[in-house]
Student: 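Structure in structure tokens, see below.
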There are 2 protein chains.
Amino acid sequence: MDESQVAQVRRFNRAVTQHVGALEGSYLRRGRPLGQARLLHEIGPDGIEVRALRERLRLDSGYVSRLLRALEAQGLVRTENRTGDGRVRRAVLTEKGRAERATYDALSDELAASFLTPLDPARRERLVAAMAEVERLLKAGAVELRLEAPQTPTARFCLDRYFGELARRFETGFDPGRSNSATDAEMTPPAGYFVVAWLDGEPVGCGALKVGDGITGEVKRMWIAPSARGLGIASRVLEWLETQARETGLRRLRLETNRTLTEAQALYHRKGYQEVAPFNAEPYAHHWFEKRL
Amino acid sequence: MDESQVAQVRRFNRAVTQHVGALEGSYLRRGRPLGQARLLHEIGPDGIEVRALRERLRLDSGYVSRLLRALEAQGLVRTENRTGDGRVRRAVLTEKGRAERATYDALSDELAASFLTPLDPARRERLVAAMAEVERLLKAGAVELRLEAPQTPTARFCLDRYFGELARRFETGFDPGRSNSATDAEMTPPAGYFVVAWLDGEPVGCGALKVGDGITGEVKRMWIAPSARGLGIASRVLEWLETQARETGLRRLRLETNRTLTEAQALYHRKGYQEVAPFNAEPYAHHWFEKRL
DNA sequence: AGGCTTATCTGACTAAAGTCAGAGAATGGA
DNA sequence: TCCATTCTCTGACTTTAGTCAGATAAGCCT
């Protein structure tokens, strides 16, 4: 790790907590405890289930309950039971609560604008662009990879998106039944592995490894959500699978891909995969790759 | 103000308070109340006067006093009276306090590194560059201009730096006595104005306006601290002086400059000043400019 | 139906953060 | 010299934020 890079990040942290943090703390609470203000904001125009609220803000259930009572007493929030599940309650903003939240929103806008107004238009654009870049790359850094059983709803969600994307992009469409298999069993340890990339509690990518004969493994099901592309997640998923492959004792990895998936091919080249002669009869493949581990 | 820009700033604020803020809050306190941790950090290796501490952290005097007692009880801080003024006390770190602070420092480094480690080298560089840009432009936005009497120590400080810079940059050196005047009286309202640019309580630039005959004013003493260049401060100082000039009823502004001050000439061109024939005998000038208001 | 789990709430508690009023010593200016 | 001001400290207080241990009701599983 480069020392000067670390120093720059520290300067940034300091500058930003001073400017953004300090202001958000005082300016945006309107004489209300921060906890209540956060809740009010998080409830949002459509209301939210209490448990979701708790989870998002990572607060104790008793504490949330008390905060909601306080907001109710101020006439800003209503809680109701109509959720299908009789245990679950929803917090919804009243008319007054919506108005109050709109005020917060306006203040938030004002605060944001206060960063921009003193700058000339060229510098404004530069600031906004740099902020977008920082935000994106911080997001990239916050991505976490976790092994997932292929039967879970999360895994299903990823695979559905993956198949959907193939169907849209392949010139011939895509029918999983005609394609080379990667069954649940083949993606379950120790026969194989299915990994999901998470960002803020949402799955944003996946990948699978088939251990096969124990010598030559196969990489399958590499998918990244459109909203999370360009963050280097595919690289990390692939690295995760390769590490797993090495630990399992595999000597080489293989994969095949369609010619329309150009960014995937670029990734495989970058990661040291060599294009080789077709090693199977996958009807949707145009390129076959291999890498020694 | 562009709406999408405001939206981006808000997204940034959100992302950053989540990542930086949340972590700083929990990770950097080492089981110690945040207040104490902040004090420990702010005291620094050389100690600090208690009143300065109070002002920087904007805390109640009683509260600071109590926090210091707590840190003393832990053997981390000593307060002493040797300050010249018998009322003022200094807080100084003990050996143990210095060690504790070093630990915080290391944690801070670690926290910073945690943003970088998940990224590949290319993205690391991009993140660091974008952070530097954001930091710089936030700083730029935080600059404030205030009228200052030319006799004050702050004004003296700026003028000394200004003269020092001229002496270094002009091929012939610089002797204020031989140059066209801008006396204290000429920079004091209503005969003239002296403005200082402030950043975090430090003067980082200045500029002056001589009202002269009430028709044609003169811009003088434009200086920006090296550490604050590239932030558009000179532009803002010049705009401030022009606004003042208009309010005073001036019809045009003049200024002269040395050929070595190329960035100044670029600024004047950008701001609509036209190069004109010499209108005075300033020995250090090579270019004369004028602008109708 | 019975037992386990989940979602929410209440009561009882603690620690941190901060405010306010004034006391006491030192200093500065008239 | 005297009076107002400055700086620090202490005591007494409030509010916020948060934790923990149940109680209660509803749903899930067999």
Side-chain angles (χ1 to χ4, degrees), chain A residues 17 21-22 24-43 47-74 76-92 152-153, chain B residues 17-18 21-43 47-74 76-92:
Chain A
T17 40
E24 294 227 315
S26 59
Y27 187 72
L28 284 185
R29 44 202 292 188
R30 308 229 314 131
R32 204 186 307 283
L34 190 57
Q36 289 180 27
R38 287 210 296 159
L39 238 70
L40 204 51
H41 188 266
E42 206 61 53
I43 289 172
I48 187 174
E49 293 189 355
V50 172
R51 61 178 172 184
L53 201 53
R54 211 162 49 219
E55 199 179 324
R56 281 217 211 158
L57 299 174
R58 312 207 165 196
L59 295 174
D60 177 86
S61 69
Y63 187 31
V64 167
S65 182
R66 234 178 295 276
L67 287 171
L68 283 173
R69 290 305 85 69
L71 290 171
E72 273 179 341
Q74 294 166 64
L76 301 169
V77 164
R78 223 175 41 238
T79 49
E80 47 187 37
N81 265 21
R82 288 172 270 155
T83 54
D85 184 331
R87 295 166 301 181
V88 177
R89 309 195 73 198
R90 270 182 90 73
V92 186
T152 62
Chain B
T17 40
Q18 239 179 54
L23 288 171
E24 292 225 317
S26 61
Y27 186 70
L28 282 185
R29 44 202 294 188
R30 309 229 314 129
R32 203 185 309 282
L34 190 57
Q36 291 180 25
R38 287 210 297 159
L39 238 69
L40 205 51
H41 188 264
E42 207 61 53
I43 288 173
I48 187 173
E49 293 188 356
V50 172
R51 62 178 171 184
L53 200 52
R54 210 163 48 221
E55 198 179 322
R56 281 216 212 157
L57 299 174
R58 314 213 163 191
L59 296 174
D60 176 86
S61 67
Y63 187 31
V64 167
S65 184
R66 233 179 294 277
L67 287 172
L68 283 174
R69 290 304 84 69
L71 290 172
E72 273 179 340
Q74 295 167 65
L76 301 169
V77 165
R78 223 172 43 236
T79 49
E80 47 187 39
N81 264 21
R82 288 171 271 155
T83 53
D85 185 331
R87 294 166 300 184
V88 178
R89 311 196 72 199
R90 269 183 91 72
V92 185

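Residue numbers begin at 1 in each chain, while the letters A, B, ... track the order of the sequences.
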Student: Ignoring backbone atoms, establish whether A:R89 has a side-chain N or O less than 4.0 Å from OP1 or OP2 of C:dC9.
Tutor: yes
Student: Which of these passes side-chain hydrogen bond (donor to acceptor under 3.5 Å, both in side chains) with A:N81: A:R89, A:R90, A:R87?
Tutor: A:R89
Student: Within the pair A:R54 and C:dT8, is there a side-chain N or O less than 4.0 Å away from OP1 or OP2?
Tutor: yes
Student: Which whole-number value in Å describes the distance from B:Q36 CD to C:dG18 C1'?
Tutor: 14 Å
Student: Take atom CG of A:L34 and atom C1' of C:dA16, then tell me their distance rounded to the nearest Å.
Tutor: 14 Å
Student: Nearest-Å distance, CG (B:L57) to P (C:dG18)?
Tutor: 10 Å
Student: Separation of A:L53 atom CG from C:dT8 atom C1', in whole Å?
Tutor: 13 Å
Student: Test of understanding: with salt bridge (charged side-chain N to carboxylate O under 4.0 Å, His left out), list the residues that count as partners of B:D60, not counting sequence neighbours.
Tutor: none
Student: Nearest-Å distance, CD (B:E49) to C1' (D:dT8)?
Tutor: 13 Å
Student: Quick one: salt bridge (charged side-chain N to carboxylate O under 4.0 Å, His left out) partners of B:E72, sequence neighbours excluded?
Tutor: B:R69
Student: Phosphate oxygens OP1/OP2 of D:dT10: is one of them under 4.0 Å from a side-chain N or O of B:R69?
Tutor: yes
Student: Using a cutoff of under 3.5 Å, can you pull out all pairs of nitrogen or oxygen atoms linking the protein to nucleotides 20-26 of chain D, with atom names and distances?
Tutor:
{"from": "D:dA26", "atom 1": "O3'", "to": "A:G86", "atom 2": "N", "distance (Å)": "3.4"}

